[in-house]
Amino acid sequence: MSQQAPAEVPPKLFEKTGIRTELLDEDACKVVARLRRKGHESFLVGGCVRDLLLRRTPKDFDVATSARPRQVKSLFRNCRIIGRRFKLAHLHFEQKILEVSTFRRRPEQDQNEDDEEDLLIRSDNAFGTASEDAHRRDFTINALFLDPESDSIHDYVGGIEDIERGLVRTIGDPLTRIKEDPVRILRAIKFAARLGLSIDDATWTAMLEAAPDLSRSAPPRLLEEVTRLLRSGSALRSFQLLRACGALEVLLPELHKWMVSTPGHKRLAFWRGLEALDSRVRRDADAVTTPVLFAVMLWPLFDDARDDDESTKDADLGQIVEDVLGPILKNLSFSRLESGRLKRILVVQRRFGADITKPEPAVSKRRGRSRTFRPSSFVRQDYFLEALQLFELRCMARDSEWDELDRWSELFAETTGEAPPVRRSPAAEPPKDREPRRETHKDQSGRRGDANGHVRKERPSNHEHGSNKSHGRPSPRGEERGRGHGHDRSRGDGRSRGDDRSRGEDRSRGKRGRKNRRNRDRGPRIEPESSKPLPPLPDVELDPTEIPTYGSVLGDKGSADKIELERSKGKRARKRMKENDEPYVPPPPPEDSGSRSDDEDVFGDW
């Protein structure tokens, strides 16, 4: 039987907490005040109170109240009720969401004699009082209730003393509480590592015993908690605690097996990578994506497997990363999108060893993609920034290859025109962005120039190719035309794209070569003479709801049958409509009457 909360015990009241009012969220305080005016008990609870007492800035504020979710919704227009198993009220503001939860109690579980050891909570839907809600929570430091109006804290479980001692301790029997929810092992490690606290001895002993029960928890919850450990800025200490309590062997058995069997210098590289990740996250946590977080953690496994294989092709590396990391990501319920990006940025790490100072090869004109590596194309890929971020963390861990990192960052800035993504030190000068395109204009002589008056050299016209004597670089295509030889497709930087070919070689190209040769032999293009402009078309207002037809342009919308014929698509539909149409039958002639009407005088007989 699950441990029940004790009878109603008055809390310890700590007044004048010393928490500065400017650190409190104004909207959260207004929510608490309105709930109290309507006769409901309400407090600020959870991590926000803990962080305020530890002189930290809370990332969010939560409210606990005796009001039911429907009652909260009736008081706030910006309220949305969420949750299927247990209802929560979310108050939506411009840039944040406040969570308002109703007091809960620990539910009673009916267990059979055969399941005496099964304490896992599968239902938590019972409402309760403030005291029962405090005893239901996991750790004492998270069960403090703050009254912002009177600046007092209601402590039911001794959380103030544990904060003063810097201790993480469960509420109630440690083994029972951890077996109720094994994910509390990861939460205890997160609080101890991120807040710089120590874990109570009884709680640590229970964590060692209940670590195998982590396999019974839902994989999405485990993935969420592991992601929080990597993003907390204290991943190094967190994974040390995970390994010490045996949780790493259950969560990531492949990583644990690698750490047991690998030499010491490779394990040191793993810890150095987590240390570099902590430094990067403390600087800007939002800039590090989830694939990069797990790539830093799993890179040593992939690097070790890659060293065992002598092949360096991308296809082989893709198979290696699938064999090594595929089972790990599958057990963590990693999404297909993020799993694919993680594998991609690991495989392309070898590209950063390429020499980008050499000129890039010319683009092949043969059909199919060229297998030649082009750095300018690589930096334009959507995964490049994540791959470069992983390469930066590897450089930080090894304290090497900084020059290569700077060159790739500069190449990205030059190619895309954006700011360099990596800056190791504050620059003395602003970053050199790509020079904007100059606006050109024509002077009185017809030559083009920029806004500063510099005249740009014009390309000689086609009829001047044969006698081009300009001091600038002559057009290769123009020279070949003037001399009557084959053309030379040369680039602007002097690199030739092809060799001179004779007429016989040009014919071997097929129809495309003969057509291009005929176009070249036609000589300069003659512009047509100026002719009288055509009169403007009349403005016709069309109904956007109807399909325009020729008759509608002339002002006749047409019949319904004509519009339906225009709307139908395909020969089969038109053929079916034609078969269903009734044959045309001319109207009968008018009866011959003795007197002729006025219409007959005008139109004659039918």
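Along the sequence shown, the residues carry numbers beginning at 1. What you see is a predicted model; the values in this text were computed from it and never measured.
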Has R351 got its NZ or CZ under 6.0 Å from the middle of the six-membered ring of F384, at an angle within 45 degrees of the ring axis?
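Judged by the rule (NZ or CZ under 6.0 Å from the ring centre, within 45° of its axis), R351 is not positioned above F384.
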Face-on cation placement of R344 at Y383 ring, 6.0 Å and 45° thresholds:
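Here R344 passes the 6.0 Å and 45° test against Y383.
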Salt-bridge criterion met for E392 and R283 (N-O under 4.0 Å):
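R283 and E392: salt-bridged.
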Ion pair check, D181 and R221, cut-off under 4.0 Å:
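Result for this pair is yes, salt bridge flagged.
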Would you say the rings of F352 and F378 are close, in the sense that their centroids are separated by under 6.0 Å?
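Ring centres of F352 and F378 closer than 6.0 Å.
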Is the shortest side-chain heavy-atom distance between [X] and [Y] below 4.5 Å?
X: R50; Y: L195; answer: yes
X: L98; Y: D62; answer: no
X: R280; Y: V292; answer: no
X: R243; Y: E249; answer: no
X: K96; Y: D60; answer: no
X: R407; Y: F412; answer: no
X: L186; Y: L251; answer: yes
X: V31; Y: L91; answer: yes

Quick one: pull up CZ in F270 and CD in E275 and give me the separation to the nearest 0.5 Å.
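Rounded to the nearest 0.5 Å, the CZ-CD separation comes to 12.5 Å.
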Closest non-hydrogen atom pair between [X] and [Y], with its separation:
X: C395; Y: L405; answer: SG-CB, 4.3 Å
X: C79; Y: A89; answer: SG-CB, 3.8 Å
X: P212; Y: V250; answer: CA-CG2, 4.1 Å

Do you know which of R341, E386, E338, Q389 makes side-chain hydrogen bond (donor to acceptor under 3.5 Å, both in side chains) with T289?
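Result for side-chain hydrogen bond (donor to acceptor under 3.5 Å, both in side chains) with T289: E386.
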